[in-house]
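Presented below is the structure to which this report refers.
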Amino acid sequence: ISQNKVVDFSELMATINPADADSLDVEWEFDKEYISLETNEEDNESNIKHIKVTAKDKAGKTTVKVTTALQGLTALLDIYIKEKTPDNISISNELTYLSGFENDKKYNIRVGENEYFISPADFEIVNGKTSYYISEEWYGEEISISVVHEKYEQCNSNELSLFIPNQSIPNELFLTFPVPELVGDN
């Protein structure tokens, strides 16, 4: 089996040799929890079988198995389905926290050479949203956030990049009033 990756699905191809075998039929087996398969009916008489694999909403590892009708020859291919990119995370107006995390996921926040792994225990609910407070070292930096899969690193999401603007924090407050000009008779 070989795999050709496309944006939101992959195409698998199984080749049966010799091309003039008495039967070119194959059976595909897979875990319906992770993927769906769509066969190409045009391949019925060909020794090359194409199948479209579409990922479902669950990240993880699954195996596709193809078996020939004659002699039961098998081939296996592991497929890793990535977590979804955390594109719903935003910076608060006050520049004090990131919000929009899913409270049951673990995340990796990368700032330069430093990595911060955060889990549900690290979150706080701010204004009804699952949030994480911005560290002072992050101001003026580009950060990358990815969802960390609990078991397979290959299933970690693609990164979301955010720029954390510099925060101007006042350290003094002065009030000035103009001196009133009094006008009188003497």
Side-chain angles (χ1 to χ4, degrees), residues 1-17 19 23-91 98-111 114-123 125 128-132 142-164:
I1 302 179
S2 63
Q3 180 179 21
N4 296 318
K5 287 197 171 213
V6 185
V7 180
D8 57 352
F9 65 89
S10 287
E11 183 181 270
L12 300 183
M13 185 172 59
T15 305
I16 303 160
N17 287 318
S23 173
L24 299 174
D25 294 334
V26 295
E27 180 181 330
W28 297 90
E29 294 177 48
F30 60 98
D31 188 339
K32 291 177 175 85
E33 184 177 9
Y34 289 97
I35 58 175
S36 63
L37 298 182
E38 184 180 324
T39 58
N40 184 345
E41 296 302 322
E42 295 174 14
D43 290 345
N44 285 345
E45 302 302 317
S46 172
N47 72 315
I48 300 175
K49 307 295 183 181
H50 296 86
I51 194 158
K52 180 180 173 181
V53 180
T54 304
K56 294 193 176 176
D57 287 335
K58 185 172 183 177
K61 175 185 169 188
T62 188
T63 302
V64 173
K65 178 180 177 182
V66 62
T67 306
T68 59
L70 286 181
Q71 294 196 287
L73 300 172
T74 62
L76 303 171
L77 179 69
D78 289 335
I79 296 177
Y80 294 90
I81 297 110
K82 288 184 164 212
E83 294 278 357
K84 289 189 171 141
T85 303
D87 54 7
N88 54 339
I89 296 174
S90 61
I91 304 167
L98 300 170
S99 65
F101 292 93
E102 293 182 46
N103 60 6
D104 62 341
K105 302 273 185 188
K106 294 179 182 177
Y107 293 84
N108 177 16
I109 300 177
R110 191 170 42 80
V111 184
N114 298 319
E115 290 188 85
Y116 304 85
F117 290 94
I118 58 174
S119 64
D122 300 317
F123 296 131
I125 304 299
K129 296 180 180 177
T130 304
S131 304
Y132 187 76
E142 181 89 17
I143 68 168
S144 298
I145 304 169
S146 60
V147 178
V148 177
H149 189 268
E150 61 194 46
K151 195 170 182 182
Y152 302 106
E153 185 176 334
Q154 300 94 320
C155 297
N156 291 353
S157 75
N158 293 330
E159 293 181 338
L160 168 71
S161 292
L162 292 173
F163 179 75
I164 308 291

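The figures here come from the full heavy-atom set of this structure, side chains too, leaving out hydrogens, waters and symmetry mates. The first residue in the sequence is number 1, and the count goes up from there.
- Between Ser146 and Asn158 the shortest heavy-atom distance is CB-O, 4.1 Å.
- Annotation for Ala55 and Ile35: closest pair CA-CG2, 4.2 Å, computed over non-hydrogen atoms.
- A centroid separation of less than 6.0 Å is found between the aromatic rings of Phe101 and Tyr107.
- Scanning all heavy atoms of the two residues, the minimum distance from Val147 to Lys105 falls at CG1-CD, 3.9 Å.
- Counting only heavy atoms from C-beta outward, the side chains of Tyr132 and Ile109 approach each other to under 4.5 Å.
- The OH atom of Tyr116 sits 10.0 Å away from the CD1 atom of Ile143 when rounded to the nearest 0.5 Å.
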Problem set entry | Chi angles and distances behind the side chain to side chain contact (heavy atoms under 4.5 Å, CB included) call for Arg110, Glu159 | CA-CA 9 Å; Arg110 191 170 42 80; Glu159 293 181 338; 2.6 Å; yes
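- Contact check for Leu73 versus Thr67: no side-chain heavy atoms found under the 4.5 Å cut-off.
- When the side-chain hydrogen bond (donor to acceptor under 3.5 Å, both in side chains) test is applied to Lys84, the partners found at least two apart in sequence or on another chain are Asp57.
- Distance OG1/Thr68 to CD/Glu27: 10.5 Å, rounded to 0.5 Å.
- Looking at heavy atoms from C-beta onward, Leu12 lies in side-chain contact with Val64 at the 4.5 angstrom threshold.
- With rounding to the nearest 0.5 angstrom, the CG atom of Asn103 is 11.0 Å from the OG atom of Ser131.
- For the atom pair CG (Asn47) and OG (Ser23), the distance works out to 12.0 Å, reported to the nearest 0.5 Å.
- With hydrogens and angles disregarded, a donor-acceptor distance shorter than 3.5 Å links the side chain of Asn88 to the backbone of Gly100.
- Contact annotation: the side chain of Ile118 approaches that of Phe123 to within less than 4.5 Å [non-hydrogen atoms, C-beta and beyond].
- Within 6.0 Å of CD on Glu33 lie more than 12 heavy atoms contributed by other residues, nucleotides or ligands.
- Counting only heavy atoms from C-beta outward, the side chains of Ile16 and Lys49 approach each other to under 4.5 Å.
- Val53 places a side-chain heavy atom less than 4.5 Å from the side chain of Ile79.
- Expressed to the nearest 0.5 Å, how far CG of Asn156 lies from NE2 of His149 amounts to 8.5 Å.
- Every residue two or more places apart in sequence or in another chain was checked for a side-chain hydrogen bond (donor to acceptor under 3.5 Å, both in side chains) with Lys129, and none qualifies.
- Here the shortest heavy-atom pairing between His50 and Glu11 reads CD2-OE2, 3.4 Å.
- Annotation: side chain of Asp78 is in contact with side chain of Lys61 (closest heavy-atom distance under 4.5 Å).
- Looking at every heavy atom in both residues, Trp28 comes nearest to Leu37 through CB-CD1, 3.9 Å.
- Crowding of Glu115 atom CD: a count of heavy atoms from other residues, nucleotides or ligands under 6.0 Å exceeding 12.
- Exactly one of Ile89, Leu98, Ile125, Asp104 qualifies for a side-chain contact (heavy atoms from CB on, under 4.5 Å) with Thr130. That residue is Ile125.
- Note that CG of Asp87 and OG of Ser157 are 9.5 Å apart. Values are rounded to the nearest 0.5 Å.
- Counting heavy-atom neighbours within 6.0 Å of Lys106 NZ, excluding the residue itself, gives a total of 12 or less.
- Closest heavy-atom contact between Lys58 and Ile81: O-CG2, 3.5 Å.
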